[in-house]
K.L.:
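One structure is given below, represented as structure tokens, and several questions about it will come after.
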Number of protein chains: 2
Amino acid sequence: MLTERQRMILNVIIDDYIRSAEPIGSRSISKRSDVSFSPATIRNEMADLEELGFLEQPHTSAGRIPSIKGYRYYVDHLVRLSEVNDQDVQKVRSFFTEKMNQMEQIIQHAASILSNLTNYTSIVLGPETFTNSLKHFQLVPISEDAAVAIIVTNTGHVENRTISIPADMSMDEMQQAVNILNTKLIGVPLARLKSKLYTEVGQELGRYAEQCEKLLGVLDEALKSEDDHRVFLSGATNMLTQPEFKDVDKVKTVLDLLDETPTIMQMFSSLPSGIAVRIGTENTHEAINNCSLITATYSAHGHQLGTIGILGPTRMDYAKVISLLDLLSKDMAVLLSRWYK
Amino acid sequence: MLTERQRMILNVIIDDYIRSAEPIGSRSISKRSDVSFSPATIRNEMADLEELGFLEQPHTSAGRIPSIKGYRYYVDHLVRLSEVNDQDVQKVRSFFTEKMNQMEQIIQHAASILSNLTNYTSIVLGPETFTNSLKHFQLVPISEDAAVAIIVTNTGHVENRTISIPADMSMDEMQQAVNILNTKLIGVPLARLKSKLYTEVGQELGRYAEQCEKLLGVLDEALKSEDDHRVFLSGATNMLTQPEFKDVDKVKTVLDLLDETPTIMQMFSSLPSGIAVRIGTENTHEAINNCSLITATYSAHGHQLGTIGILGPTRMDYAKVISLLDLLSKDMAVLLSRWYK
DNA sequence: CGTTAGCACTCGTTATCGATGAGTGCTAAT
DNA sequence: ATTAGCACTCATCGATAACGAGTGCTAACG
């Protein structure tokens, strides 16, 4: 529905605006070497594009800026996904060579790289653990009435909680209960631990029932609080460098949002697999209605594990961010596959 | 060296300025019910106080604001440490009643409470672990060539790392090495693990030497990276609400500093025990030269464990923050003593 | 008919100027 | 020693004007 020339002009306007953050006038477009029309012609086209909803005018005597619809069209039809800058590839690759044998470390590092290379804010959602299965369960006594409960999953994820031991129970008894749980529950997905316990293991435990209840409580809690540890942020303060956030109040609502792990979890929970772009008001959370969120899911061995995302102003370098996310999500998959074979 | 009246006036100016964030004029002081002097008298005293270095004038026709030296005198001699607001005590107490059986959780929660009650940024440094001693060391295999190494300390602190197992080594052999380490090293402070191993356990390990090397490497790494996990922040965005930080650039340098865990560790490493107040340029880091940092150490059973701190503008409610830190540091000591008996 | 030069017009930005008023320092009277 | 009085300073605010970037429209051009 847009003519070739209109598409070209829209493309140029968005590219220029992404770089300059200032409204683009007809004259500056006309002066470009790849454009051979006079300002007047450009103006006519721009007026049409505005009528169609792809451009906006901050005020009468200013140039045009892209609207949400304009960005959307750009992302869907115009953007040329450049190869990632060689230098940037280099940095990502060197990320590979560093040996990191902690999954958390890899993920946090990936977030750092993303925010460094883009100067936006990166958000990475780590793998969920409740689909993992129990590999090992253990109690380590640390005093007369306290012990550390340790849970290891098949992916090597470790959760631990300090629990206090009831006075009327010996350490031996406790240990026995743990042994029973271990023999019966290894291999069971964490999400089904509790139900599994009640239906199949309940009777065997006999007098340990009460203690098992307690242990299960610990397990349960471990799974809940783990949400907090799935979200990795980096470069939140990059928001402050964006000219659209020179107003302190605006940036505060965004930064406050980033502090709320549950909200981020919710934002990321409903994303499709692959690359997704949410522009401005397409985001349901009002605080980021003048931001764009670009996300890419990563997976290993066919299992979708988590999501990496970049949050920046709507005036974002979509081409760069998309290709970078694409690159990194694939690389992460390779790195993480080690834990998921 | 200051007359009683000068002290009174300085006190009033700082109290008012802390509340209003605007230069205080002689007239507004004179109008207070507890002051019975004319503006002219106040002005004379203010001129003297300025000459002595306790006050400053932003410009000729403005009121006075406290200088660093003024704040320092206020903190050292004038501030009346009010009891903590009942409502606030209530909140801190309710923090007690919630049962939290994870030390991290308690510390993070303490940070949240601090920032909520003060509207400043809170920084909490958790207990260091390298003075803890080894309680338990274990390998949990998670695949053919990978295992999770788990370290439990006497305080119930758990560190874990994923390690890959060399192809030329059976799981059994590995396990035996672990067993030897366990019998020999339990009770040894983490800081001395490595040297202890080489001097005393070395020869016994025989052919496992190489593997032990590797395991020790894991331990070593665990102790290093643990620094990152000692710093707990809350309310960093509160900085944005302070009128002295309406300028985005200023606030960015502060927020960037807060993102650098090592810098914070360094800031907190050289603090005396008890309450400490660092005002403005008394802070060595330039980024917070117009901030004040108030810290309080907390301890259990005589052992100093960590530090809780509040970072805000120099125009900070010192009375409130100091008494709150005092309260909370003692309460935390009680809560945490459980892990350190 | 598409394109473009020309031109009047809009409107945000910036600078200037004066009025305002809060606050000071100084002096002289109390 | 205290204070009333007063001249002075200077940030803030509003109005006004100059400026200029950019537009929309019209008419001319190929």
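Predicted, not measured: the structure shown is a model, and the values here were computed from it. Chain identifiers are assigned alphabetically (A, B, ...) following the order of the sequence lines, protein sequences preceding nucleic acid strands; residue numbering begins at 1 within each chain. Just so you know, these numbers use all the heavy atoms, side chains as well, and skip hydrogens, waters and symmetry mates.
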K.L.:
Would you mind listing every salt bridge (Lys or Arg N to Asp or Glu O under 4.0 Å) that reaches into residues 75-88 of chain A, with sequence neighbours excluded?
P.N.:
A:R72-A:D76
K.L.:
Return each pair, listed once, that meets side-chain hydrogen bond (donor to acceptor under 3.5 Å, both in side chains) where at least one residue sits in residues 317-329 of chain B; pairs must be two or more places apart or across chains.
P.N.:
B:S292-B:Y318, B:D326-B:K330
K.L.:
Under 4.0 Å from any heavy atom of chain A: name the first and the last nucleotide of DNA chain D that qualifies, 5' to 3'.
P.N.:
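Counting from the 5' end, contacts occupy D:dA21 to D:dC25.
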K.L.:
Return the minimal non-hydrogen interatomic distance between B:R315 and B:I18, and the atom names on each side.
P.N.:
NH1-O, 2.7 Å
K.L.:
Please give me every residue in residues 15-46 of chain A whose heavy atoms get under 4.0 Å of an atom in DNA chain C, ordered by residue number.
P.N.:
A:S36, A:F37, A:S38, A:A40, A:T41, A:R43, A:N44
K.L.:
Can you tabulate the close N/O pairs, meaning under 3.5 Å, that link protein atoms to atoms of nucleotides 17-20 of chain C?
P.N.:
none

K.L.:
Without decimals, in angstroms, what is the distance between A:R5 CZ and C:dT4 C1'?
P.N.:
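Roughly 11 Å, once rounded to whole Å.
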K.L.:
Side-chain polar contacts of residues 37-56 of chain A - donor-acceptor pairs under 3.5 angstrom, sequence neighbours left out - could you list them?
P.N.:
{"from": "A:S38", "atom 1": "OG", "to": "A:A40", "atom 2": "N", "distance (Å)": "3.4"}
{"from": "A:S38", "atom 1": "OG", "to": "A:T41", "atom 2": "N", "distance (Å)": "3.4"}
{"from": "A:S38", "atom 1": "OG", "to": "A:T41", "atom 2": "OG1", "distance (Å)": "3.3"}
{"from": "A:R43", "atom 1": "NH1", "to": "A:S26", "atom 2": "OG", "distance (Å)": "3.2"}
{"from": "A:E45", "atom 1": "OE2", "to": "A:R5", "atom 2": "NE", "distance (Å)": "2.7"}
{"from": "A:E45", "atom 1": "OE2", "to": "A:R5", "atom 2": "NH2", "distance (Å)": "2.8"}
{"from": "A:E50", "atom 1": "OE1", "to": "A:R64", "atom 2": "NE", "distance (Å)": "2.7"}
{"from": "A:E50", "atom 1": "OE1", "to": "A:R64", "atom 2": "NH2", "distance (Å)": "2.9"}

K.L.:
For DNA chain C, determine which residues of residues 57-71 of chain A have any heavy atom closer than 4.0 angstrom to one of its atoms, and list them numerically.
P.N.:
A:H59, A:T60, A:S61
K.L.:
For A:T118, what residues pass the side-chain hydrogen bond (donor to acceptor under 3.5 Å, both in side chains) criterion, not counting sequence neighbours?
P.N.:
none
K.L.:
Got a sec, which residues hit side-chain hydrogen bond (donor to acceptor under 3.5 Å, both in side chains) with B:Y71, two or more places apart in sequence or on another chain?
P.N.:
none
K.L.:
Using the side-chain hydrogen bond (donor to acceptor under 3.5 Å, both in side chains) rule, collect all pairs that involve residues 269-281 of chain B, keeping only residues at least two apart or in two chains.
P.N.:
none
K.L.:
Quick one: which residue pairs count as a side-chain hydrogen bond (donor to acceptor under 3.5 Å, both in side chains) with a foot in residues 247-266 of chain A, not counting sequence neighbours?
P.N.:
A:K252-A:D256, A:D256-B:T237, A:E260-A:T263
K.L.:
Between B:L328 and B:L117, is any pair of side-chain heavy atoms under 4.5 Å apart?
P.N.:
no
K.L.:
A:Y120: which residues meet the side-chain hydrogen bond (donor to acceptor under 3.5 Å, both in side chains) condition with it, sequence neighbours left out?
P.N.:
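side-chain hydrogen bond (donor to acceptor under 3.5 Å, both in side chains) check on A:Y120 returns nothing, list empty.
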K.L.:
Within the distance-only criterion (no hydrogens, no angle test), does the side chain of B:D16 pair as donor or acceptor with the backbone N or O of B:I13 below 3.5 angstrom?
P.N.:
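Answer holds: no.
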K.L.:
If you define the side chain from C-beta out and look only at heavy atoms, does anything of B:N290 sit under 4.5 Å from B:E244?
P.N.:
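B:N290 vs B:E244: side chains apart.
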